[in-house]
Amino acid sequence: MPELPEVETVRRGLAPVMEGRRIALLTPRRPDLRYPLPEGFARRLTGIRIERLTRRAKYLLAELESGEHLLMHLGMSGRFTIHAPEGKKHGRPGGFHHDHAPLETHDHVIFDMEDGTRIIYADPRRFGFMELIAQADLETNRHLAALGPEPLGNSFSAQTLSARLKGRKTPIKSALLDQRNVAGLGNIYVCEALFRAGISPKRQASTVTTAARLQRLVPAIRDVLAEAIAAGGSTLRDYAQTDGELGYFQHAFAVYDREGEACSKPGCSGSVKRITQSGRSSFYCPSCQK
DNA sequence: AGGTCAACCTGAGCGC
DNA sequence: TGCGCTCAGGTTGACC
């Protein structure tokens, strides 16, 4: 499901119900997602307060009062939803229980917060994963260590991108999907950014180091991500914001999933073509993307 | 080392 | 209605 704008939208939705709040009960409903859940996962989260919820690339990071960090990745189909308690709470030995709707098949991890709010992580394909990382291991964590610059941050520029693309024979499409070069882009936003920059996805990455191309591409990446965040992300099949609302940036796609449609660039008479690059669909206009 | 590709898993949509 | 096939927002690890 999620690229940077969707993950950022999820972060903004979860922050008000997670930050500064204690997890009353953490319930994993199966022992694994993509990977086995950490040893003692429920025990290490139950009763612990979440201090801050941040995002790095497509990862969510919950900083815990225990000093550990909960790393969460939503894979292709991961989704967080927030559920207010429906009714009264019942006294129970060893804790209390709020009324909630029955769980569904792919509801894999349940966060019951101390105020009765329930946060459900559902993920039909289970490409998502969760990990607990000690403070000292954050920088060397295998998922985080090699990530490139945040595209909306100061360290992403024509200069830094140029240095990463230099000498690379791979197509620019593949280079932008490589999280070591720039962190957070996925298939949709790479296609859209390349369209905006007028650059063909097939172009060899090493040739996207000219000033003219970089000066189109860097702002194109920044703009498309910022616009998508403002729209609450893109909803294709099953993505939704944490309150169940749909993102609406998919209506602004110029090329993604628009094979055969007329190019939307003013004055261009081309149409959107679909090709396969390293096993994934690329959508572009051969007339105005060179 | 750099580049490509299959694997992980479920569900939706399509043609027959 | 059902079957089989293709495709899907990502990442990793094995292979040339």
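When the P atom of C:dT11 is taken as reference, atom CG of A:Leu74 falls 11 Å away, rounded to whole Å. Taking atom CZ on A:Arg55 and atom P on C:dG10, their separation rounds to 14 Å, with Å as the unit. Here the P atom of nucleotide C:dA8 and the CG atom of A:Asn187 are 8 Å apart, to the nearest Å. Rounded to an integer number of Å, the gap from NE2 of A:His73 to C1' of C:dT12 is 11 Å. Counting to the nearest Å, the P atom of C:dA8 and the CD atom of A:Gln250 are 17 Å from each other. In this structure, CG of A:Asp123 is placed 12 Å from C1' of B:dG11, rounded to the nearest angstrom. As rounded to whole Å, 17 Å separates atom C1' of C:dG10 from atom CE of A:Met72. Look at CG on A:Asp178: it is 11 Å from P on C:dT12, rounded to the nearest Å.
Annotation: of the two residues near DNA chain C, A:Gly279 and A:Arg142, the 5′-most nearest-nucleotide partner is A:Gly279. Position along DNA chain B of the nearest nucleotide to A:His106 versus A:Arg34 favours A:Arg34 as the more 5'-ward residue.
Dashed line: the shortest gap from a side-chain N or O of A:Tyr256 to OP1 or OP2 of C:dG9 is under 4.0 Å. The shortest distance between the side-chain N/O atoms of A:Gln179 and the OP1/OP2 oxygens of C:dT11 is below 4.0 Å. For the OP1/OP2 pair of C:dT12 and a distance below 4.0 Å, the side-chain nitrogens and oxygens of A:His143 include at least one atom meeting the criterion. A:Ser281 has a side-chain polar atom (N or O) that falls below the 4.0 Å cut-off from OP1 or OP2 of C:dA8. At B:dT4, one or more side-chain N or O atoms of A:Thr170 fall inside 4.0 Å of OP1 or OP2 (strictly under the cut-off). At the phosphate of C:dG10, OP1 or OP2 sits under 4.0 Å from a side-chain N or O atom of A:Lys58.
Residues A:Leu147 and A:Arg56 have side chains in contact (heavy-atom distance under 4.5 Å, counting atoms from C-beta outward). Here the side chains of A:Gln204 and A:Ile172 are not in contact, with every heavy-atom distance at 4.5 Å or above. With contacts defined as side-chain heavy-atom distances shorter than 4.5 Å, the pair A:Leu103/A:Arg118 qualifies.
Checking B:dA1 for Watson-Crick or G-U wobble geometry (two distances, each under 3.5 Å) identifies no partner in any strand. Base pairing analysis places C:dG9 opposite nothing; no Watson-Crick or G-U wobble pair with both distances below 3.5 Å involves it. The partner of B:dC9 cannot be assigned: no Watson-Crick or G-U wobble pair with both contacts below 3.5 Å exists in any strand.
Taking the ring centre of A:Phe195 as origin, the terminal cationic atom of A:Arg216 falls outside the region bounded by 6.0 Å and 45° from the ring axis.
Residue-level contact check: A:Ser174 touches neither bases nor backbone, having no heavy atom under 4.0 Å from any strand. Residue-level contact check: A:Tyr35 touches the backbone only, with heavy atoms under 4.0 Å from sugar-phosphate atoms and none from bases. Among the heavy atoms of the strands lying under 4.0 Å from A:Gly186 are primed sugar atoms or P, OP1, OP2 only; no base atom is included. Residue-level contact check: A:Arg180 touches neither bases nor backbone, having no heavy atom under 4.0 Å from any strand.
Residue ring and base: A:Phe127 does not count as stacked with B:dC9 (centre distance below 5.5 Å and interplanar angle below 30° not both satisfied).
A donor and an acceptor atom sit less than 3.5 Å apart, one in the side chain of A:Arg125 and one in the base of B:dC9.
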- Task: Report the C-alpha distance between A:Tyr59 and A:Gln179 in whole Å, list the side-chain angles of each, state the deciding distance to 0.1 Å, and finish with yes or no for side chain to side chain donor-acceptor pair (under 3.5 Å).
- Result: CA-CA 12 Å; A:Tyr59 294 91; A:Gln179 304 294 297; over 6 Å; no

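Looking only at distances, a side-chain donor or acceptor of A:Gln277 sits under 3.5 Å from a matching main-chain atom of A:Pro201.
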